[in-house]
Amino acid sequence: MPEKLHANLQPMFDAVLARNPGESEFHQAVYEVMLSLTPIAGHRPEYAQWSILKRICEPERQIIFRVPWVTDAGEVQINRGFRVEFNSALGPYKGGLRFHPSVNLSIIKFLGFEQTFKNSLTGMPIGGGKGGSDFDPKGRSEGEIMRFCQSFMTELYRHIGEYTDVPAGDIGVGGRELGYLFGQYKRIVNRWEAGVLTGKGLSWGGSRVRTEATGYGTVFFARDMLAEVGESLDGKRVVVSGSGNVAIYAVEKIHQLGGTVIACSDSSGFVVDEHGLDLDLLKDVKEVRRERLSVYADERGPSARFVPAGSGGEGSSGSGDGGAGIWAVPCDVALPCATQNELPAAGAKALVKNGVRLVAEGANMPTTPDAVAILREAGVLYAPGKASNAGGVATSALEMQQNASRDSWGFEETEARLEEIMGAIHRTCVETADRYGHPGDYVVGANLAGYMKVADAMVAQGVI
Ligand code: NDP
Ligand code: 2IT
């Protein structure tokens, strides 16, 4: 880790390392929060006490289960399912489900830990949780995906509920998978409980804008950061990594606000399109046909070129140019929207060399600690995901509100709520960073504000 922790905090971090061996992503997420506690470790020691930190770093409940299912060819498959119910100080556990072959307990714990502070920042009454499976949806038939989702829910259903734990989507889990999950839940419990999952389809309890919310929210946040220093997105060249749910709607909002997105990626490589991405074609290739990004370049014509991922296999970050990948494409604004640790030091150096002005995370923990240090050192405006990508879960909380009141709001009204929430998170970050002597530091602002609210609620509720 690039920077040393405050002397009071280092032994606590060492204890977390010893207690959770081998969980590198979880260690990284805890380190990033503990580093931000430095400004209060001296003069607000009540927040940096081990009695609180040791509880915050320990999930309330960790569920690991077998997910058996049968392929189209009749072969029995076993996957591992996870749900980590991290913290319920502020409300029912809330957070997505990820289906990706890389999923393990460390990844689910880092995501649940981050989610706790992100959800706190939204101002909505939601605790933190995360789940998923090492199931790989790629290349699976519709029938296989449905059977997997049904088997996954056959165990998960007993742990979730409107007042207990409310899952949603994440990598590999979108509208299709949520439909199969909700259907199986309803069949098992024999009740219509819309509030048990968010990200549902619009005709069966979903909220308008939930599909767009994470990408739109990230761009609203980036716009507010630029406005803070008297700039705007108008005319900016933007690189967005990923081409899934978050990336696609980040591209859409950037184009609506006058910027031009000139590159995006998937795990097979990245595409550079100097005329600006054709969003209709991108949606058709990725959302409808579920194709690789090279198909976009083939069909777009001469303005677009596809750069395959390098032999390092790191997808959006590893394509042979010193590890910089998509981040070697010169831009003013970079929005990492694919996955954790996809923006390494080499990428940050390339961005800085090419004069990037702002990096805002649409993904969770996409920037490595080394890369964060490089960006901050160079004075690049930088927003951590727990602030900038909070629009997705905030709109999930709006979906819960609509479900609870059996209501359904219009698109404009819901988007206005999202914009207002992102503006409030932005102000909270700026004011908190100012108050604790780190003006303009969104990492300190987001982590301190998110953390202190959770810690206060935990203290008020006693040692439970
Ligand atoms: P999707 O599954 O819709 O898209 C993920 C995108 O990232 C795809 O383009 C995928 O490429 C790429 N990707 C995933 N894993 C890797 C990898 N290991 N290497 C290279 N590329 C990869 O997921 P989302 O868009 O929903 O999620 C993206 C990020 O945003 C995640 O970090 C998620 O946790 C975070 N997030 C999501 C929210 C939501 O509401 N969905 C809310 C807040 C954060 P390919 O298709 O080739 O695998
Ligand atoms: O990381 C995230 O915030 C999400 N995947 C969305 C969680 C949610 O419950 O909407």
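None of these values were measured; they are calculated from a predicted model.
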>> Could you measure the distance from the CG atom of D332 to the CD atom of E231? Nearest 0.5 Å is fine.
In response: 9.0 Å
> What is the ring orientation for F13 with H27, classed by angle as parallel under 30°, tilted 30 to 60°, or perpendicular over 60°?
Replying inline: perpendicular
> Looking at side-chain heavy atoms only, is the closest gap between V430 and Y442 below 4.5 Å?
Replying inline: yes
>> Applying salt bridge (charged side-chain N to carboxylate O under 4.0 Å, His left out) as the test, list every pair that has at least one member in residues 87-113; sequence neighbours left out.
In response: E23-K109, R98-D170
>> Run the side chain to side chain contact (heavy atoms under 4.5 Å, CB included) test on C331 and L351 for me, step by step, so that the C-alpha distance in whole Å, both residues' side-chain angles and the decisive distance to 0.1 Å come before the verdict.
In response: CA-CA 7 Å; C331 61; L351 286 169; 3.8 Å; yes
>> Less than 4.5 Å apart, side chain to side chain, heavy atoms only: is that true for C429 and F221?
In response: yes
> Looking at side-chain heavy atoms only, is the closest gap between Q62 and F82 below 4.5 Å?
Replying inline: no
> Going by the salt bridge (charged side-chain N to carboxylate O under 4.0 Å, His left out) test, which pairs reach into residues 242-265, not counting sequence neighbours?
Replying inline: E252-K283, K253-E415
> Are any side-chain N or O atoms of S151 and backbone N or O atoms of R147, one a donor and one an acceptor, separated by less than 3.5 Å?
Replying inline: no
> Does F86 reach the side chain of Q115, with side-chain heavy atoms less than 4.5 Å apart?
Replying inline: no
> Closest approach of S207 and T395, non-hydrogen atoms and distance?
Replying inline: OG-CG2, 4.3 Å
> Does E413 have any salt bridge (charged side-chain N to carboxylate O under 4.0 Å, His left out) partners at least two apart in sequence or in another chain, and if so, which?
Replying inline: none
> Which pairs, with at least one residue in residues 448-461 and sequence neighbours excluded, count as a side-chain hydrogen bond (donor to acceptor under 3.5 Å, both in side chains)?
Replying inline: Y47-D456
> D134: what forms a side-chain hydrogen bond (donor to acceptor under 3.5 Å, both in side chains) with it, not counting sequence neighbours?
Replying inline: N79
> Hey, is the main chain of G205 close enough, under 3.5 Å, to the side chain of N403 for a donor-acceptor pair?
Replying inline: yes
>> If you compare all heavy atoms of A455 against all heavy atoms of I52, which two are closest, and at what distance to 0.1 Å?
In response: CB-CG2, 4.0 Å
>> Quick check: closest heavy atoms across L343 and A348, and the distance to 0.1 Å?
In response: CD2-N, 3.4 Å
> Can you say whether the rings of F99 and F148 are parallel (under 30°), tilted (30 to 60°) or perpendicular (over 60°)?
Replying inline: perpendicular
> Does R176 have any salt bridge (charged side-chain N to carboxylate O under 4.0 Å, His left out) partners at least two apart in sequence or in another chain, and if so, which?
Replying inline: E142
>> Can you list everything that forms a salt bridge (charged side-chain N to carboxylate O under 4.0 Å, His left out) with R55? Sequence neighbours excluded, please.
In response: none
>> Once side-chain hydrogen bond (donor to acceptor under 3.5 Å, both in side chains) is applied, do any residues pair with R80, and if so which ones, sequence neighbours excluded?
In response: none
> Which atom names give the shortest non-hydrogen contact between I248 and L282, and what distance separates them?
Replying inline: CG1-CD2, 4.2 Å
> Does the side chain of T368 pick up a donor-acceptor pair with the side chain of D370 at under 3.5 Å?
Replying inline: no
> Are side-chain heavy atoms of F135 and V67 found at a separation under 4.5 Å?
Replying inline: no
> Got a donor-acceptor contact below 3.5 angstrom from the Q401 side chain to the A397 backbone?
Replying inline: no
> Run the side chain to side chain contact (heavy atoms under 4.5 Å, CB included) check on F26 and V30 step by step: do they pass?
Replying inline: CA-CA 6 Å; F26 179 56; V30 172; 3.7 Å; yes
>> Any donor-acceptor pair under 3.5 Å linking the side-chain atoms of S396 with those of R210?
In response: yes
>> I'd like to know whether F117 forms a side chain to side chain contact (heavy atoms under 4.5 Å, CB included) with I56, so could you lay out the CA-CA distance, the side-chain angles of the two residues, the decisive distance to 0.1 Å, and finally the verdict.
In response: CA-CA 10 Å; F117 306 114; I56 282 191; 3.6 Å; yes
> What do you reckon, is CZ of R187 surrounded by more than 12 foreign heavy atoms closer than 6.0 Å?
Replying inline: no
>> Do L448 and I40 make a side-chain contact, defined as non-hydrogen atoms from C-beta onward lying under 4.5 Å apart?
In response: yes
> Can you check whether S243's main-chain N or O pairs, donor with acceptor, with D266's side chain at less than 3.5 Å?
Replying inline: no
> Taking only residues two or more places apart in sequence or in another chain, which ones pass side-chain hydrogen bond (donor to acceptor under 3.5 Å, both in side chains) with E114?
Replying inline: K386
> In Å and rounded to the nearest 0.5 Å, what is the CH2 to CZ distance from W327 to F270?
Replying inline: 10.5 Å
> Is there side-chain contact between R357 and M225, with at least one heavy-atom pair below 4.5 Å?
Replying inline: no
> Does a sphere of radius 6.0 Å around CZ in R66 hold more than 12 heavy atoms from other residues, nucleotides or ligands, not counting ones at 6.0 Å or beyond?
Replying inline: no
>> Whether the side chain of E177 engages the backbone of G174 through a donor-acceptor N/O pair (distance < 3.5 Å, no angle test) should be reported.
In response: yes
List the atom pairs, with distances to 0.1 Å, where a side-chain N or O of residues 160-168 and a protein N or O form a donor-acceptor pair under 3.5 Å, not counting sequence neighbours.
unit_1	atom_1	unit_2	atom_2	d
D165	OD1	R83	NE	3.3
D165	OD1	R83	NH2	2.6
D165	OD2	R83	NE	2.9

>> For a quick check under 3.5 Å, do Y185 and E193 share a side-chain donor-acceptor pair by atom type?
In response: yes
>> Which heavy atom of M422 sits nearest to which heavy atom of A387, and what is that distance?
In response: CE-O, 3.5 Å
>> What I'd like to find out is whether the side chain of T211 reaches to under 4.5 Å of the side chain of N245, using heavy atoms alone.
In response: yes
> What's the shortest heavy-atom distance between P336 and S241, and which atoms?
Replying inline: CA-OG, 3.1 Å
> Where the side chain of K200 meets the backbone of G179, is there a donor-acceptor pair that is under 3.5 Å apart?
Replying inline: no
> For E25, which residues count as a salt bridge (charged side-chain N to carboxylate O under 4.0 Å, His left out) partner, sequence neighbours excluded?
Replying inline: none
>> Under a plain distance cut-off of 3.5 Å, with no hydrogens placed, do T116 and N87 share a side-chain donor-acceptor pair?
In response: no
> Is there a side chain to side chain contact (heavy atoms under 4.5 Å, CB included) between T71 and R140 once you walk through the steps?
Replying inline: CA-CA 9 Å; T71 65; R140 291 295 174 192; 3.8 Å; yes
> Who passes side-chain hydrogen bond (donor to acceptor under 3.5 Å, both in side chains) against E287, sequence neighbours left out?
Replying inline: Y249
